[in-house]
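Have a look at the structure below, then the notes.
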Amino acid sequence: MTRTLIRGGLVITAAEEVAADVLVEGEQVVALAATGSAVAGSWTAERVIDATGCYVIPGGVDAHTHMELPFGGTAASDTFETGTRAAAWGGTTTIVDFAVQSVGASLRAGLDSWHAKAEGNCAIDYAFHMILSDVTEDSLKEMDLLVGEGITSFKLFMAYPGVFYSDDGRILRAMQRGAENGGLIMMHAENGIAIDVLVEQALAAGKTAPRYHGEVRRELLEAEATHRAIKLAQVAGAPLYVVHVSAESAVAELAAARDLGLPVFGETCPQYLFLSTDNLAEEGADGFEGAKYVCSTPLRPREHQAALWRGLRTNDLQVVSTDHCPFCFTGQKELGRGDFSKIPNGLPGVENRMDLLHQAVVDGHVSRRRWIEIACATPARMFGLYPRKGTIAPGSDADLVVYDPQAVQTLSAATHHMNVDYSAYEGRRITGRARTVLSRGTVVIEDGAYLGRAGHGRFQPRATCQYLD
Ligand code: URP
Ligand code: ZN
Ligand code: ZN
């Protein structure tokens, strides 16, 4: 078995920071010892990586991606191959993507087709959540089977009527089933029925530009849906994980529920922490530039960012995922020229999350350990991958990043590796960068070169939520 030694770095996990050498055998971490100690000094290895001046952190766990998702009349532009390669460049070594149940079809059919898309193509490890688009007696039964196969979380939508939408009765049934079989319900919390009325009224009034996407998807309708989802989960006796939280008032709903002791969790995304309605209002040459920033929940006025950062510090929000769902500006976002409701919803970001969050450390929003907690450890625990993923300990997978906290980079579509023709963070200067990335003991990124291969990444069956333990 190949032995790899990472020497001289500052090892950072959610729990501690320690100057330590890390010994890897094959695919796993086997030992840590204080740098300079007799134990560490006795170690030999075929490959020695000098991490002096760098952090050694667990590979990022991005618990919300949509590679190749058919959506909005097109499909997300990153395949499992291009998207997981880009993730590796950015120091993320596990993604949890969303398999989709089509209306009228089984969960099995949806899951099989996502397995077929991913298998043999991924550069890093991957797992699946399941989107429930059609809650029926049959699909409720299938939930039990999927939990047994390591698909232990299910996303429901209060938005997108006619596509993924479920009404309250269906949501309640799925939550009740989840309470029985251990499946964690993830919620897209926006009142889609009310939003569709506002969309129709806006278009009728000639309001067609991208910025109206943000105006009709009102903050109140995110807060209302978040509140309703919490109450439905309470009735069902089920835990709840609210995805892509963007509004201050939605954070307040989560905080109030948590203050009551309810098992309610929330995720936000870099776009809500770093971007705002100012971006949605960008006009460019022809008034359509803002389409690059159309996602749902939508970007909010920048005043909301402080509440999101606070929520991350107080643990009213536990996870930062990307909701990576890229669509090229040319030919894809352009489907919504003249009608903002036809702009495919979603932003790229799987490559940028670890760096943007390191910038948040530099800027004083979160501590280094909290960075690792929200980006690695908690997503792993929330979705049943811990301690295989999300930490550095004997027995953990050797998903490791040697992170240079002093490197300066400028984010740009010209240099990123995501298969999308723009960057949502174009021109943003970031301090910090992944220098070396290992996936299960294999070096996949080293000093500006990709050394990985499609097919290295393996499907990871997951345990049920470990954040409740
Ligand atoms: O705009 C978004 N978020 N697109 C992806 C689908 C979803 O709702 O997560
Ligand atoms: Zn969603
Ligand atoms: Zn999503």
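Everything numeric here is computed off the predicted structure, so don't read it as measured data. All residue numbers refer to positions in the sequence shown, counting from 1. Counting starts at 1 for both ligands and their atoms, following the listed order. Only this structure's heavy atoms are used, side chains among them; waters, hydrogens and symmetry mates stay out.
Counting heavy atoms from C-beta outward, Asn279 and Glu282 have side chains that approach closer than 4.5 Å.
The environment of Arg337 atom CZ is dense: over 12 non-hydrogen atoms of other residues, nucleotides or ligands sit within 6.0 angstrom.
The distance from ligand 1 to the heavy atoms of Cys325 drops below 4.0 Å at these ligand atoms: 5 (C). Taking a cut-off of under 4.0 Å to the non-hydrogen atoms of Tyr160, the atoms of ligand 1 that pass are 8 (O). When each atom of ligand 1 is checked for a heavy atom of Cys295 under 4.0 Å away, the hits are 1 (O). Atoms of ligand 1 lying under 4.0 Å from at least one heavy atom of Lys155, given by number and element, are 7 (C), 8 (O), 9 (O). Those atoms of ligand 1 with a heavy atom of His66 less than 4.0 angstrom away are 5 (C), 6 (C), 7 (C), 9 (O). The contact set between ligand 1 and Phe157, taken as ligand atoms under 4.0 Å from a residue heavy atom, comprises 8 (O). For ligand 1, the atoms lying closer than 4.0 Å to a non-hydrogen atom of Asp323 are 2 (C), 3 (N), 5 (C), 9 (O). Near His188, the atoms of ligand 1 lying under 4.0 angstrom from a non-hydrogen atom of the residue are 8 (O).
Classified by interplanar angle (parallel below 30°, tilted 30° to 60°, perpendicular above 60°), the ring pair Trp371/Tyr403 is perpendicular. Ring geometry for His115 against Phe459 counts as perpendicular: the plane angle is over 60°, on a 0 to 90° scale with 30° as the lower cut.
When only interatomic distances are considered, the shortest N/O to N/O separation between Thr297 and ligand 1 does not fall below 3.5 Å.
Side chain of Gln332 to main chain of Thr74: no donor-acceptor pair is present (N/O by atom type, distance under 3.5 Å, no hydrogens or angles).
Draw a line from the Zn ion (ligand 3) to OD1 of Asp323 and another to NE2 of His64, and the angle between them is 90° (to 10°). Vertex the Zn ion (ligand 2), arms ending at ND1 of His188 and NZ of Lys155: the angle is 130° after rounding to 10 degrees.
Not less than 6.0 angstrom separates the ring centroid of His417 from the ring centroid of Tyr450.
Considering Asp125, Asp397, Asp399 in turn, Asp125 is the only one that fulfils the side chain to side chain donor-acceptor pair (under 3.5 Å) rule with Arg440. Of the candidates Phe327, Trp114, Phe98, Phe128, His66 forms a ring-ring contact (aromatic ring centres under 6.0 Å, His included) with just one, namely Phe98.
Taking CG of Leu232 as the reference point, atom CD of Gln176 lies at 9.5 Å (rounded to 0.5 Å).
Taking backbone and side-chain atoms together, Cys325 has no N/O/S atom less than 2.8 Å away from the Zn ion (ligand 3).
Taking atom 1 (O) of ligand 1 as the reference point, the nearest protein heavy-atom neighbour is Ser296 N, 2.8 Å. The protein heavy-atom contact nearest to atom 4 (N) of ligand 1 is Asn345 O, 3.0 Å.
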